S.K.: 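I'd like to ask you about the structure that follows.
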Amino acid sequence: MATFFGEVLSVYSRAVEEDEEDLQENEEDEQIRRELEEKREVHLQWSPEVSESLKSGNKLQCTDFILAVGHNAARFLSVYVLTSANWDAVGHASVWNERSRAVSGQTSEESACVFYRQKDNPSVLICQVTCYIAEDQLFQWTERVFECLQLRELNVTVLSDSSVAEYKTADYLCCSSAPFLRSLHTGAFSGKPVCQSLEQPNIVTGLPAAVLNHCEVHRIATVVYQCYSDVIGPDSVTMETYKPALTKLGKSIQLDPSPSTDVLRKFARNNVQSNLYI
Amino acid sequence: MFISSQNSPTSFKDFTLVMPAVAVGNVGQLAVDLMVSTLNMTRAGYIHTDCLIPMSGNNPYATCRGDAEELHTPAEVYIAAELKLAVLQIRAPIIQTKSKKFRQLVVTWIKASGFSRTVILSSSHAYQRDDQQLQGTPLRYLATPSLHKVSEDAFKELGWREMERVPAFPALTDASTEPRLYIPGGGITKGLYTDSCEEDLPLAVLLLFCSEGDNIPDSFTLVNHLNDWLHLLDNPSKEPNKWKIPTSWSLLFGSGIPPALF
């Protein structure tokens, strides 16, 4: 396809070549494919007490499930929420795919998708996801996680990072307008989102979309707050944008109003580097 | 798996189903969008499956501020009960390794729902046409034997052209190799068609040869072609703008440009 400026772009076609699957696979190919599929499965590992109660048929009793997808969303929770109270890591999900690092020990994989629960108020469950979950794994991740949760009176809040370059609007976006929040919620969500709704033709993809789809068909109250930022990498201004999204949950979660600079320094890059010279 | 979004389950008995194949230029999907927005169809439910890449957004067919905030998912079923018409809109690509599973899911659902006939709107790469296909109209149709029995006369009357079978090895004139059905860039079109032939489902494929780019004109061509057969709108060709373009088609070529450019 040629653009208005004349350069020819190779267009990614959504049409799948139908001939590929006509080929008869030999046994070895089939076995490789099966093994790959097994390897790509999503696994959840819970702490001993949680897995014991899950085994006996008791699902995780939580009324608020907060899911942070992306570095800024996850670090926002680390800075503003997880430091201010006693939180226990209760489990993690491990996902293997084409972007996973070659055997560098389990640790990095394990810390990329962790579940936390407050010690004195187990009704709030937090999950931080900073790893890449492939398109074919999103549905399975969502199914596996929601299988473990008690769905009655469950409220789901998803915080998600996005680049402002992906945001479409008829008006030219002035550089001072980013970062900003947009929301998208399921039909079962009865509250009022703290920000403007995501305008058409913008869409949400990835894990937030998988969670929204699941919750829409299962009628679970869910809201996604998508933060459009113009900074690549974690920064404190983008993190702060998420603040209003959680103030609604004030009764169940205490936000640290002014985190110490030490904490911030640990999680954010305070000097925004220019990308003019690489 | 079909999940109803309404409190009482909808019956699709004797309905006509129209669905797109995710194919070159997304022509089928655009045509289905035109149908849903013009005929004011209501959502009956979702196809919730792991075969499609997850995506979601607000109402793509919003007409006013009031109905804009409504979540929509990758595959949804809409109906116009008075026309006995149902459409399945697919908004996301099929995960490549799961296309066979998706085909099976669709065929099983069509069989279980009792649709009287199914129409697949599809497209194929224009650059892969052979000599005989280059001439005349870019529109083709295919019908399974069980639909052919009832609609053969209608297709003849319309003067439609059937999709040609092409030789398997173009340079060779070997009488022993049978010409085959070849729909490059058509996604699951051919698979759905052959599955339906085996299952004896009444199914038609309407397709258009096109290239990737601005495929809006192609979608109008295809939906008008379908309308010649099903008569969803009366005489749309006399009033070319009768099909209503949905709000979600805005900004197809990106955001606004900085005013400082000028």
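None of the values given here were measured: they were computed from a predicted structure. Each chain gets a letter, A, B and so on, in the order the sequences are listed, and its residues count up from 1.
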S.K.: Taking side chain as everything from C-beta outward and backbone as N, CA, C, O, which of these in A/Y167 sits under 4.5 Å from a heavy atom of chain B? Side chain, backbone, both or neither.
M.R.: backbone

S.K.: Looking at A/E35, A/R33, A/E27, which one forms a side chain to side chain donor-acceptor pair (under 3.5 Å) with A/Q31?
M.R.: A/E35

S.K.: Please state whether the rings of B/H72 and B/Y61 are parallel, tilted or perpendicular, taking 30° and 60° as the class boundaries.
M.R.: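 Ring orientation of B/H72 relative to B/Y61: perpendicular.
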
S.K.: Any sub-3.5 Å donor-acceptor pair from B/S124's side-chain atoms to B/P184's backbone N or O?
M.R.: yes

S.K.: Heavy-atom pairs under 4.5 Å with chain A - which of B/A21, B/G57, B/S56, B/S250 has more of them than the others?
M.R.: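 Of the options given, most contacts go to B/S56.
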
S.K.: How about B/Y46 and B/H48: are their ring centres within less than 6.0 Å of each other?
M.R.: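 Between B/H48 and B/Y46, which both carry aromatic rings, the centre distance is not below 6.0 Å.
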
S.K.: For B/T63 and B/D67, which I'm curious about, is there any donor-acceptor pair between the side chains at under 3.5 Å?
M.R.: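 B/T63 vs B/D67: donor-acceptor pair found between side chains.
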
S.K.: Chain A heavy atoms under 4.5 Å from B/L251: which part of the residue, side chain, backbone, both or neither?
M.R.: both

S.K.: Side chain, backbone, both or neither: which part of B/S123 has a non-hydrogen atom closer than 4.5 Å to chain A?
M.R.: neither

S.K.: Using salt bridge (Lys or Arg N to Asp or Glu O under 4.0 Å) as the criterion, list what pairs up with B/K98, not counting sequence neighbours.
M.R.: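 For B/K98 the salt bridge (Lys or Arg N to Asp or Glu O under 4.0 Å) partners, ignoring immediate neighbours, are B/D50.
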
S.K.: Check whether any side-chain N or O of A/T186 sits under 3.5 Å from a backbone N or O of A/I220 as a donor-acceptor pair, and report yes or no.
M.R.: yes

S.K.: Atom CZ in B/R129, atom CZ in B/R140: separation rounded to 0.5 Å?
M.R.: 8.0 Å

S.K.: Taking side chain as everything from C-beta outward and backbone as N, CA, C, O, which of these in B/T189 sits under 4.5 Å from a heavy atom of chain A? Side chain, backbone, both or neither.
M.R.: neither

S.K.: Using a heavy-atom distance cut-off of less than 4.5 Å, which residues of residues 191-219 of chain A contact chain B?
M.R.: A/S197, A/L198, A/Q200, A/P201, A/N202, A/I203, A/V204, A/T205, A/G206, A/A209, A/A210, A/L212, A/N213, A/H214, A/E216, A/V217, A/H218, A/R219

